Amino acid sequence: MSTTLCGASSYTKKYYLDPQFDRLPQDVKDELKIMCVTFTEDVGGILTVEFGDDKRPKFVVRAADNDDAFKEQDVDGAISKLQEDKESLMEKLSIFYRVFVLGEKAEDVLTEVENEIES
């Protein structure tokens with residue numbers, strides 16, 4: 001099962017942020033919106049940021065079957081660039097998700113993150 005953090009659609013020209021994430025700082029919300037909307041303007045389709053079973057955010061791209069404007073050839077490069085450019089943001093979002101949405105103890109999450117960094 002996955003939880004959608006946010007997403008944007010080139011079809012409806014709309015952006016969505018799950019209300020569970022309203023407590024994010026405004027600058028983070030703004031960055032997510034800019035990231036998603038820019039992606040869909042450049043590539044087309046729908047981009048969502050979702051948390052899966054591993055509790056880490058991932059980028060998911062979908063397109064309508066007969067979308068001639070969707071630039072499928074650009075998806076992998078655009079996603080790779082997002083993963084590289086937004087690595088720090090995604091790590092922080094993972095911590096936020098685990099503590100504020102899933103209710104895990106902050107000190108346990110931070111200890112786990114520190115152990116991952118050290119190894």
Side-chain angles (χ1 to χ4, degrees):
M1 185 172 155
S2 67
T3 299
T4 300
L5 163 62
C6 61
S9 169
S10 66
Y11 307 118
T12 62
K13 304 290 187 219
K14 291 186 179 179
Y15 171 77
Y16 168 80
L17 176 70
D18 188 306
Q20 295 182 91
F21 297 93
D22 279 343
R23 292 173 33 181
L24 284 168
Q26 188 60 48
D27 63 324
V28 172
K29 291 186 214 178
D30 293 344
E31 185 174 356
L32 288 168
K33 183 175 184 177
I34 291 166
M35 175 187 74
C36 290
V37 170
T38 301
F39 181 95
T40 59
E41 286 176 350
D42 292 346
V43 177
I46 299 167
L47 173 69
T48 56
V49 180
E50 302 175 7
F51 293 94
D53 293 336
D54 65 356
K55 304 174 188 171
R56 296 180 185 277
K58 65 180 178 202
F59 300 104
V60 178
V61 180
R62 297 174 185 87
D65 290 335
N66 297 320
D67 182 356
D68 294 332
F70 181 66
K71 300 174 187 165
E72 188 171 356
Q73 70 277 8
D74 294 345
V75 170
D76 289 340
I79 292 294
S80 292
K81 182 161 177 38
L82 279 180
Q83 288 170 331
E84 182 181 317
D85 292 349
K86 303 298 182 185
E87 181 179 9
S88 177
L89 174 63
M90 295 297 118
E91 289 172 6
K92 291 172 187 171
L93 288 169
S94 179
I95 293 168
F96 180 94
Y97 174 70
R98 293 178 64 184
V99 173
F100 293 102
V101 177
L102 298 180
E104 295 181 22
K105 287 186 176 181
E107 57 191 41
D108 293 345
V109 172
L110 293 175
T111 299
E112 186 178 315
V113 170
E114 286 174 0
N115 290 338
E116 287 176 11
I117 291 171
E118 290 174 3
S119 58

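These figures come from a predicted structure and were not determined experimentally.
Annotation: the span from Asp85 atom CG to Glu31 atom CD amounts to 10.0 Å, rounded to 0.5 Å. Taking OG1 from Thr3 and CG from Asp53, the interatomic distance works out to 9.5 Å, rounded to the nearest 0.5 Å. Note: Glu50 CD to Cys6 SG = 9.5 Å, rounded to the nearest 0.5 Å. For the atom pair CG (Asp18) and OG1 (Thr48), the distance works out to 11.5 Å, reported to the nearest 0.5 Å. The CD1 atom of Ile95 sits 11.0 Å away from the CD atom of Glu104 when rounded to the nearest 0.5 Å. Taking CZ of Arg98 as the start and CZ of Arg56 as the end, the distance is 7.5 Å to the nearest 0.5 Å.
Cluster annotation: Tyr97 is not connected to Val60 through the hydrophobic network of ILVMFWY side chains, with a link wherever side-chain heavy atoms come within less than 4.5 Å. The cluster map of Ile, Leu, Val, Met, Phe, Trp and Tyr, joined by side-chain heavy atoms under 4.5 Å apart, puts Leu93 and Ile34 in different clusters. A continuous path of Ile, Leu, Val, Met, Phe, Trp and Tyr side chains, each step under 4.5 Å between heavy atoms, connects Val37 with Val28, placing both in one hydrophobic cluster. A chain of hydrophobic side-chain contacts below 4.5 Å, direct or via other Ile, Leu, Val, Met, Phe, Trp or Tyr residues, connects Met90 to Leu17.
Using a distance-only test at 3.5 Å, with no hydrogens or angles considered, no donor-acceptor pair links the side chain of Thr40 to the main chain of Leu47. Here the side chain of Lys86 pairs no donor or acceptor atom with the backbone of Gln83 at under 3.5 angstrom.
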| Test side chain to side chain contact (heavy atoms under 4.5 Å, CB included) applied to Asp74 and Asp42, step by step | CA-CA 9 Å; Asp74 294 345; Asp42 292 346; over 6 Å; no
| request: Carefully, step by step, assess Val99 and Leu110 under the rule side chain to side chain contact (heavy atoms under 4.5 Å, CB included). | output: CA-CA 10 Å; Val99 173; Leu110 293 175; over 6 Å; no
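When all heavy atoms are compared, the tightest approach of Val49 to Pro57 is CG1-CB, 3.8 Å. Gly44 approaches Ser10 most closely through the heavy-atom pair C-OG, 3.5 Å. Here the shortest heavy-atom pairing between Phe39 and Ala78 reads CE1-CB, 3.4 Å. Considering all non-hydrogen atoms of both residues, Leu82 and Met35 come closest at CD2-CG, 3.4 Å.
The number of heavy-atom neighbours closer than 6.0 Å to NZ of Lys29, taken from other residues, nucleotides and ligands shown, is above 12. For Gln73, the CD atom sits in a packed shell: over 12 heavy atoms of surrounding residues, nucleotides or ligands are nearer than 6.0 Å. Annotation for Arg62: atom CZ counts as buried by contact number, over 12 foreign heavy atoms lying within 6.0 Å. Atom CD of Gln26 is surrounded by more than 12 heavy atoms from other residues, nucleotides or ligands within 6.0 Å.
Residue Ile46 is found in a hydrophobic cluster whose other members, listed by chain and number, are Tyr11; membership requires side-chain heavy atoms under 4.5 Å apart, directly or through intermediates.
Phe21 pairs with exactly one of Tyr16, Phe51, Phe100 by the ring-ring contact (aromatic ring centres under 6.0 Å, His included) rule, that one being Phe51.
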